[in-house]
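Please read all numbers here as calculations on a predicted model, not as lab measurements. We name chains A, B, ... by the order of the sequence lines, and we start the count at 1 in each one.
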Amino acid sequence: MKFTKSYEPGEFEPTIYAQWEQSGAFQPRKIVAESHESETEDAYAIVMPPPNANGNLHIGHGLTIAIEDALTRYYRLRGRSTWYIPGADHAGFETWVVYERALEKQGHTRFEYTRDELYARVWDFVEEQRGNMELQVRALGASCAWDDLTFTLDENVVAQVYKTFEKMWKDGMIYRGEKLVNYCPKHQTAFADIEVVHEDEKGKLWEIAYPLVSVPEDMIDSASDFTKRELIVSTTRPETLFGDVAVAVNPEDERYQDMIGGLVELPLTGRTIPVIADEHADPAYGTGAVKITPAHDFDDFEVGERHDLPRIQVIGEDGRMLEAAGEKYAGMTTEECRKQVLKDLKEQGYLRGEKEIVHSVAHCYKCGAVIEPMLKEQWFIDVKRLAQGATRRLERNEIKFYPANKKKVLINYLAGLKDWNISRQIPWGIAIPMFRQTETEAAPEWIFDTRTHLQKIEVGGVHYYRDEDTFDTWFSSAHWPIVCTNWTEGKENPYYPLNVMETGADILFAWIARMIMMGVYVTGEVPFREVYLHGLVLDAHGQKMSKSKGNVINPIELVAKYGSDAFRLGILRGRSAGMNQAFSESAVMAGRNLCNKLWNISRFVQQLVEEADGSSSSEPVNLSSARLQPCFGPGSAGKGSSEDDAIGIIRQLPYTTGNMGEDWICRELTACKEALEDDMANYRFSEAVERLYTTIWDKYADWFIESQKMHRNVPLLKVTLEMILKMLHPFAPFVTEAIWQSLSWTEGLLMTQEWPSRLRSDPISAENFERLMVVVSEVRRVSNELSEATRGKKYALLYGDEALVDDNSLLVAALAPVTEVISCEGQPRGLRLALANHELYLDVPVEVVAKYREQLEARILAVGNELDALNARMMNPNYVDKAPAHLVKETRDGITEKTALIERLKGELVAIGEGV
RNA sequence: GGGCGGUUAGCUCAGUUGGCUAGAGCGCGUCUUUGACGUAGACGAGGUCAGAGGUUCAAAUCCUCUACCGCCCACCA
């Protein structure tokens, strides 16, 4: 490949990805099942939260992959056998909704087909759509093991789900119960609690009179005629009145004491129902009396259980009133019925009040329809054992969370977890492997059987009929780490538990909690050692992205516009664990700029390498000029020290450091590498990216490369560039690989190279370069501060007794920049630089010096303020007493330095005065 | 009602166990065709770290309270 003037991601990304994939480097190195300890340590496993097989990636997936692939590539470079397992989700309900909508468009309904027909049709539908998502995952650069892609309906997934279900069935954790479930009348399926969205809405609270028919014997007060009294109930759902089986009042409520145990008449029906005492009734709310409808309200259901009340279902699964509501109302929608009931109540004089209120209403998270609590026979999991198992492991800290507080949140959640309804009335999913003895629902006997492809089976001469329901997708998803790693009972598996589970914080309960419960239950082990949760990616203004708001950002468009690496760098920027954060396109642009910068750094280094090769010199270039630098240390020898061998160097070009800039960059790169390792171990991706950014740009390009224009050291340029490429590769895999393959001296794929080892350098020499940088910066600053007319012009830099500058005059001249750097030979002139411990003059004409007076005064003031602050600190005896010694010393040194500096500046001021 | 988070530069955000002059990117201003890069280089302006109180030699950081913003759970007849 050739180095063009700028980096064009589109030209490299597809080919490079194909190269990676074909090389087989995405697959883990094979590890035999009979592994021992060292191999387990060697393995690094992470699974991809499976994106919807027939959907497109959204920006959250982009973040997910940026993080997971960075981890994978990092640990691969570190020599681990990495296994990043990709997945595809059948996305049960989501896909079903899309399909059903398509079906409706064609003028059909689900009820025209059998379940098996529908399943086959959706399968074909998904098959047609499939592939987009996988291409997009590739575009993002995910180095995942495509050979091991797991689809949530794969045979092994279904087999494991059935195995678990059977185990639970045998363990008595599965039961069939008639309970109230969250039911969407539009989709005609039940939901788990977490799939329901509650929203505050305006509604009405009606007051309806229930005439008192009788009171308990001992409460009869001869003075009053109870038959003229009535109990006024408050309700938001008058249409459920037909299902009322009692009226509850609070046992403490003085107003109704004498009615408890009595009977009231249920308007419009002629039925009488009892007045009961229950804590559920809040005396402060409404009238304090609440009608009890166990078949259509979750709380009432529980009240009904407590008081052993019947359940009268009056709303059907199609959302219309049943016969039980009476002939007049049967067949009406709940809405129509509500109107009619209110009208009738009013006419008959039962309606006593109407109030506007705000209350929360449950909606289907997909279509927004109001959730109807519905009495249904469903399969439930008794979660006690699962939750306890998970909680115990969490309390023992077997899983480390990022952010850490999520562990506590999860434990709280598990403590209050209710039994889990796993039945869904949609065909697109894994069939529940249960068969009933009778064709009807009436109290059948159930047997477990995995032959779910059959509607009817025969066991011991008896026919059984398949339950038509499918599993809640979270039930199978809970097995994800188990099925993706091919965990098998009794077999060692170095990839289970996973090293880390990375996903969105929003599915902590739905997924993470269930994976932990299931992992512990099925395998006896937690399914992963660490959990990293990322927050939501919000739009540029901090708003949640949604189709309805029209603020959705498509990651693939950004990839097309700026490149995959730019997107990855940008999306990680400023993001921390668990925090929702706004997306900033400018961060992606900054990422693109970094890629381009690195590309040009490499282009330049390659040029220097070619020049050196062309000169056919076997000697390191310019070593002679480097030798002119007395400040370079003993620094030398990259390869072969025993210390380095101990930490596992495989291949490293030999190099020597020839001047202080070189020692400095070796020190800085090594510091960067070590900090980076720490960042990765602690999942601090944002810090890692920032660190690389400044190291590459501010340090390597702006100082080291610039200094190399004076004294080049080709072997070191190669070593340091390689180091940078490797360090950035986890975050920007494409551009680093493209560079690696464009360089003349590198071989193979960057993605399978060894992580760099530390570079040795002379610390004193490195420190001297730092001092030189201060000098250069000061020269630049003063040059810029000069008046408009003279700014931008170059002057000579004169030095007095100044070894550092004397020894590096060429370098200073180039970096500053100044026309020349020469000794003042005891005859200082021009403007003295405000640097303590340096005797340096910018050789500007006298009139320019005079114009600098103002800036100088400002500077004296600023330094004076700093000095005052330091002095104040030292005046405090407690500070001197209690603060660490090194801080006190620093303060003392600072005072000495600044005092001297002010003296010089004041002297300068006097000199200027004299000059004018 | 219970819980969790946030408030730092014009914008989006870092800031680890309290300790150099509180940082970055983008934006803004001035200057610059330096042996790669204008998607660049040099320099700069810009902050009462939401407010009040406390602990400490020292607080953006720890504690208490207040205000505002956001999220989760439960309840809402």
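At a threshold of 4.0 angstrom between heavy atoms, the contacts of A/Phe509 are confined to the sugar-phosphate backbone, with no base atom among them. When heavy atoms are screened at a 4.0 angstrom cut-off, A/Lys709 is found touching base atoms of the nucleic acid. Using a 4.0 Å heavy-atom cutoff across all strands shown, A/Lys5 reaches sugar-phosphate atoms only and no base atom. Using a 4.0 Å heavy-atom cutoff across all strands shown, A/Leu205 reaches sugar-phosphate atoms only and no base atom.
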Under a 4.0 Å heavy-atom criterion, the protein footprint on nucleotides 7-16 of chain B, written with B, S and -, is -----SSSSB
Nucleotide by nucleotide, 5' to 3', does protein get under 4.0 Å of the base (B), only the sugar-phosphate (S), or neither (-) in nucleotides 55-61 of chain B, counting heavy atoms? --B----
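Here B/rU39 presents its P atom at 11 Å from CH2 of A/Trp697, a figure rounded to the nearest Å. One can place CZ of A/Arg592 at 15 Å from P of B/rG25, the figure rounded to the nearest angstrom. Whole-Å rounding puts the A/Lys898 NZ to B/rC20 P distance at 14 Å. Taking atom CG on A/Leu870 and atom C1' on B/rU21, their separation rounds to 9 Å, with Å as the unit. Note: CD (A/Glu820) to P (B/rU34) measures 20 Å, nearest angstrom. Distance, A/Leu594 CG to B/rA24 C1': 13 Å, rounded to whole Å. Note: CG (A/Leu608) to C1' (B/rC37) measures 14 Å, nearest angstrom. Atoms CD1 (A/Ile895) and P (B/rU21) sit 12 Å apart, rounded to a whole Å.
Using the six-membered ring where Trp is involved, A/Phe583 and A/Phe567 have ring planes that are tilted, between 30° and 60° apart. Using a 30° and 60° split on the angle between ring planes, A/Tyr413 and A/Phe509 fall in the parallel class, below 30°. Classified by interplanar angle (parallel below 30°, tilted 30° to 60°, perpendicular above 60°), the ring pair A/Tyr7/A/Phe12 is parallel.
The pair A/Asp539-A/Lys544 does not count as a salt bridge, with every side-chain nitrogen at least 4.0 angstrom from each carboxylate oxygen. Ion pair A/Glu767/A/Arg771 not flagged as a salt bridge, since none of the NZ, NE, NH1 or NH2 atoms sits closer than 4.0 Å to an Asp/Glu carboxylate oxygen. With respect to A/Arg712 and A/Glu611, a salt bridge is recorded, a charged nitrogen being found less than 4.0 Å from a carboxylate O. At a threshold of 4.0 Å, the pair A/Lys561-A/Glu585 counts as salt-bridged, since one of the basic side-chain nitrogens sits closer than that to a carboxylate oxygen. Ion pairing of A/Glu372 with A/Arg237 is present here, as a side-chain N (NZ or NE/NH1/NH2) and a carboxylate O approach within less than 4.0 Å.
A/Thr899 and A/Glu897 share no donor-acceptor pair across their side chains, judged by distance under 3.5 Å alone. When only modelled atom types and interatomic distance are considered, A/His363 and A/Glu201 share a side-chain donor-acceptor pair under 3.5 Å. Side chain to side chain, A/Thr819 and A/Tyr795 fail the donor-acceptor criterion of an N or O pair below 3.5 Å.
With respect to A/Thr240, the side-chain contact (heavy atoms from CB on, under 4.5 Å) criterion is satisfied by exactly one of A/Asp297, A/Asp300, A/Thr334, A/Ile315: A/Ile315.
On the C1' atoms, B/rA60 is 12 Å away from B/rA50, given to the nearest whole Å. Nucleotides B/rA42 and B/rU33, compared at atom C1', are 14 Å apart to the nearest Å. Nucleotides B/rC62 and B/rG1 are separated by 29 Å at their C1' atoms, to the nearest Å. Here, B/rC11 and B/rU55 have their P atoms 35 Å apart, quoted to the whole Å. Rounded to whole Å, the separation between the P atoms of B/rC63 and B/rU21 comes to 25 Å. The gap from the C1' atom of B/rU7 to that of B/rU66 amounts to 14 Å, rounded to the nearest Å. Comparing the P positions of B/rG46 and B/rA24 gives a spacing of 14 Å, expressed to the nearest Å. To the nearest whole angstrom, the two P atoms, one in B/rA9 and one in B/rA22, are 14 Å apart.
Contact annotation: A/Lys406 side-chain N/O to B/rC72 OP1/OP2 distance is not under 4.0 Å. Between A/Asn593 and B/rA40, a side-chain N or O to OP1/OP2 separation shorter than 4.0 Å is present.
Nearest nucleotide to the A/Ile601 side chain, out of B/rU39, B/rA42, B/rA36: B/rA36. Comparing B/rG35, B/rA36, B/rG19 against the side chain of A/Leu887 picks out B/rG19 as the nearest. Of the candidates B/rG5, B/rG41, B/rC37, the closest approach to any side-chain atom of A/Asn405 belongs to B/rG5.
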Protein-nucleotides 43-50 of chain B N/O pairs under 3.5 Å:
| residue | atom | partner | partner atom | Å |
| --- | --- | --- | --- | --- |
| B/rC43 | O4' | A/Asn784 | ND2 | 3.4 |

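Both tests pass for A/Arg573 against the ring of A/Tyr693: distance under 6.0 Å to the centre and angle within 45° of the axis.
Nearest-nucleotide mapping onto RNA chain B: of A/Ile705 and A/Asp702, the residue sitting toward the 5' end is A/Ile705.
Checked against side chain to side chain contact (heavy atoms under 4.5 Å, CB included), A/Thr695 has the following partners two or more places apart in sequence or in another chain: A/Leu669, A/Cys672, A/Arg691. For A/Ala246, the side chain to side chain contact (heavy atoms under 4.5 Å, CB included) criterion is met by A/Pro274, A/Ile276, A/Ile292, A/Leu309, not counting sequence neighbours.
In RNA chain B, the stems built from three or more successive Watson-Crick or G-U pairs (distances below 3.5 Å) are B:1-7 with B:67-73, B:10-13 with B:23-26, B:28-32 with B:40-44, B:50-54 with B:62-66.
For A/Glu706 against B/rA36, a side-chain N or O and a base N or O form a donor-acceptor pair under 3.5 Å.
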If you apply the rule side chain to side chain contact (heavy atoms under 4.5 Å, CB included), what do you find for A/Leu835 with A/Val774, and how did you get there? CA-CA 9 Å; A/Leu835 288 166; A/Val774 172; 3.7 Å; yes
